[in-house]
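Step one of this worksheet: look at the structure below.
In the text below, chain A, chain B and the rest are named by the order of the sequence lines, each starting its count at 1.
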Number of protein chains: 2
Amino acid sequence: MEPSSLKPLIDFFEVRDNLSDAERQILSSLPLRRHVFQRNEEMVRAHTQPRESCIVLKGLAARAVYMQNGARQLTAVHVPGDFVDLHAFLLKVMDHSVVALGECEVAFVPHEQLMRISQEQPHLTRLFWMSTVIDAAIHRAWLASIGRRSPEQHIAHLFCELYTRLETIGFARGMTFGFPVTQSEVADMLGLSLVHVNRTIQQLRSKYFVNWDGTTVHIKDFDRLAEFSEFDPSYLSLIKIPR
Amino acid sequence: MEPSSLKPLIDFFEVRDNLSDAERQILSSLPLRRHVFQRNEEMVRAHTQPRESCIVLKGLAARAVYMQNGARQLTAVHVPGDFVDLHAFLLKVMDHSVVALGECEVAFVPHEQLMRISQEQPHLTRLFWMSTVIDAAIHRAWLASIGRRSPEQHIAHLFCELYTRLETIGFARGMTFGFPVTQSEVADMLGLSLVHVNRTIQQLRSKYFVNWDGTTVHIKDFDRLAEFSEFDPSYLSLIKIPR
DNA sequence: CGGCAAATTGACACATCTCAAAGCCTGTGG
DNA sequence: CCACAGGCTTTGAGATGTGTCAATTTGCCG
């Protein structure tokens, strides 16, 4: 098997707009520095000033904001094809960290390359821009979840989101996807305690047709889960429109 | 007094990077449709497909996500100079609404203008992009607040954020700023109930050197408030760096 | 003065956290 | 192959935090 490719990134864009051959070519020939991170390793560190931005190729990553007492809040999960750290290109100084959830392979792209594209490729630039704007939409959906959904609904919504995003790029089949995450990490996504997450997951297992054994999520009835959690995928911008 | 100008938008950019005369000129000559919204009016509606994006000129606006039962979560507050709805330019379909908090004057810019800039002005495009990426950073800060800060810290953090942002564009002086907002609206920002917000505010008033009479926030000791709420303004990218 | 909208209070139910102890599973060394 | 260590998951119990409901009070405006 050849090394993980940028195909999921290209899929990410092509689900939402058309790419020209030239654009596909530019993306495919980006000089990449590949790296595999182990569970919990920081691939981008808060307060640093990165000179490259990373794309998830395989596995999962998450954005994390740390508090002084060591607590943290995860603010998004990223799947293969996500240009996770594009934010750094504009922010210059990171406001948060990006950590690996389970083993995670990423590709780093130098900012000079992004700058070149931003100078010469308006359409591709807009697609990059779109990717960060979708990240913001995901943050808003998470804010709604944490602020106004019950813990049960929140987890259900999270699973619907991840399944949908993974399915879009061909990384989920048969209502199943890999989610090698600790309950404590889910607690950091939900802003709850480990113990409460544990109890909530037990309720979900018994009531709402989802199962998660710590490694794999299996959704037994997606529609029911989506209805229960008020999941509406439109915030993921899964429509092909000229951008 | 002439009508509210785009000066705060230009200030927003110039705090973070240098603008050329040509760029300032392009911004100043954008064709604008001005409109004043009353408290609680929706200036951008979720699920619609706007053909223009709006900039706050005066007053405050907020992003809102609505749930089926009528509850809502506010995900950000916007101040004069914020190009609030730039997201619509890339998203095409809105995932959320933008509502006026108190009386709010905005300027709408047609997407054709933004498209023209994105085709011809790479640097200005990056600044627009930066503005949306800062919005995402604000969402992350709010996620951390709602998930990992106490209600008291959360409100304190919110006041620090707003004071800092307003001060930056010259809309706050003497540790005071206008915040003509209802406790119920603050509850929608914090993801809490009205009653709990009321009690929390009373605690803040007595303990933490802040006052808010429903119209104006007065911060008696900013440093103490910032320390208490772990406010670190770096997520607002207030540094002048070439972008 | 009368009428509202918003702020405040009180009482009580329910949700969530913390602490601490068990139970489970897996990899390793003997 | 078994015992044990370490990391997760699960449970229990009691302390706090938050929500809900309903009544009161306050402030502003016609």
Side-chain angles (χ1 to χ4, degrees), chain A residues 38-41 60 67 69-74 99-103 144-156 178-207 210-218, chain B residues 38-41 60 62 67 69-74 99-103 144-156 178-207 210-218 229:
Chain A
Q38 300 305 315
R39 152 178 303 240
N40 256 316
E41 266 189 280
L60 299 176
M67 313 298 290
N69 67 3
R72 66 177 187 178
Q73 176 67 42
L74 301 183
V99 303
L101 296 176
E103 197 176 276
S145 279
I146 197 170
R148 294 302 186 200
R149 275 185 253 260
S150 70
E152 261 185 323
Q153 289 176 305
H154 191 163
I155 296 179
F179 193 60
V181 171
T182 248
Q183 293 188 4
S184 161
E185 291 166 324
V186 171
D188 288 340
M189 298 176 195
L190 308 207
L192 295 173
S193 70
L194 197 188
V195 172
H196 200 65
V197 165
N198 179 281
R199 288 176 172 136
T200 302
I201 286 171
Q202 293 178 48
Q203 293 186 329
L204 266 183
R205 268 203 281 262
S206 57
K207 295 200 311 192
V210 203
N211 209 352
W212 167 45
D213 62 8
T215 303
T216 301
V217 171
H218 187 75
Chain B
Q38 300 306 313
R39 151 177 304 239
N40 257 316
E41 267 190 278
L60 298 176
M67 313 300 290
N69 67 2
R72 66 177 186 179
Q73 176 67 42
L74 301 183
V99 302
L101 296 176
E103 196 176 277
S145 279
I146 197 170
R148 294 303 187 200
R149 274 186 255 260
S150 71
E152 261 185 324
Q153 288 177 305
H154 191 164
I155 297 180
F179 192 60
V181 171
T182 248
Q183 291 188 4
S184 161
E185 290 166 323
V186 171
D188 289 339
M189 296 176 196
L190 309 207
L192 294 173
S193 69
L194 197 187
V195 172
H196 200 66
V197 165
N198 179 283
R199 289 176 171 134
T200 301
I201 286 171
Q202 292 178 48
Q203 293 186 328
L204 267 183
R205 270 203 281 262
S206 58
K207 295 199 312 191
V210 204
N211 209 351
W212 168 44
D213 62 9
T215 303
T216 301
V217 171
H218 187 76
S229 62

Practice prompt. List the protein contact pattern of nucleotides 21-27 of chain C with one symbol per nucleotide (5' to 3'): B for base contact, S for sugar-phosphate-only contact, - for none; contact means a heavy-atom distance under 4.0 Å.
Written response: -------
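- Put simply, the side chain of A:R149 never gets that close to the backbone of A:A156: no donor and acceptor are under 3.5 Å apart.
- In this structure, CZ of A:R205 is placed 10 Å from P of D:dT9, rounded to the nearest angstrom.
- We find that CD1 of A:I201 is positioned 7 Å from P of D:dT10, with the value rounded to whole Å.
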Item to complete: Check step by step if side-chain contact (heavy atoms from CB on, under 4.5 Å) holds for B:Q73 and B:M67.
Response: CA-CA 8 Å; B:Q73 176 67 42; B:M67 313 300 290; 5.9 Å; no
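- The CD1 atom of B:I201 lies 4.5 Å from the CD1 atom of B:I155; values are rounded to the nearest 0.5 Å.
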Discussion item. Let's go through B:H218 and B:V210 carefully: what are the C-alpha distance in whole Å and the side-chain angles of both, what is the deciding distance for side-chain contact (heavy atoms from CB on, under 4.5 Å) to 0.1 Å, and is it a yes or a no?
Written reply: CA-CA 6 Å; B:H218 187 76; B:V210 204; over 6 Å; no
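- Sparse packing is recorded around CD of B:E103, with 12 or fewer heavy atoms of other residues, nucleotides or ligands lying under 6.0 Å away.
- B:D213 has its CG atom 13 Å from the C1' atom of C:dA6, to the nearest Å.
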Worksheet, complete the sentence: Contact string for nucleotides 11-30 of chain D, one letter per nucleotide 5' to 3', B = base within protein heavy-atom range under 4.0 Å, S = sugar-phosphate only, - = neither, reads BBB----SSBB---------
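- Here the side chain of B:R72 pairs no donor or acceptor atom with the backbone of B:M189 at under 3.5 angstrom.
- Atom P of nucleotide D:dG6 and atom CZ of A:R39 are separated by 18 Å, given to the nearest angstrom.
- In this structure the side chain of B:W212 reaches within 4.5 angstrom of the side chain of B:V186, judged on heavy atoms.
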Fill in: A:F179/A:T216 under side-chain contact (heavy atoms from CB on, under 4.5 Å): CA gap, chis, key distance, verdict
CA-CA 5 Å; A:F179 193 60; A:T216 301; over 6 Å; no
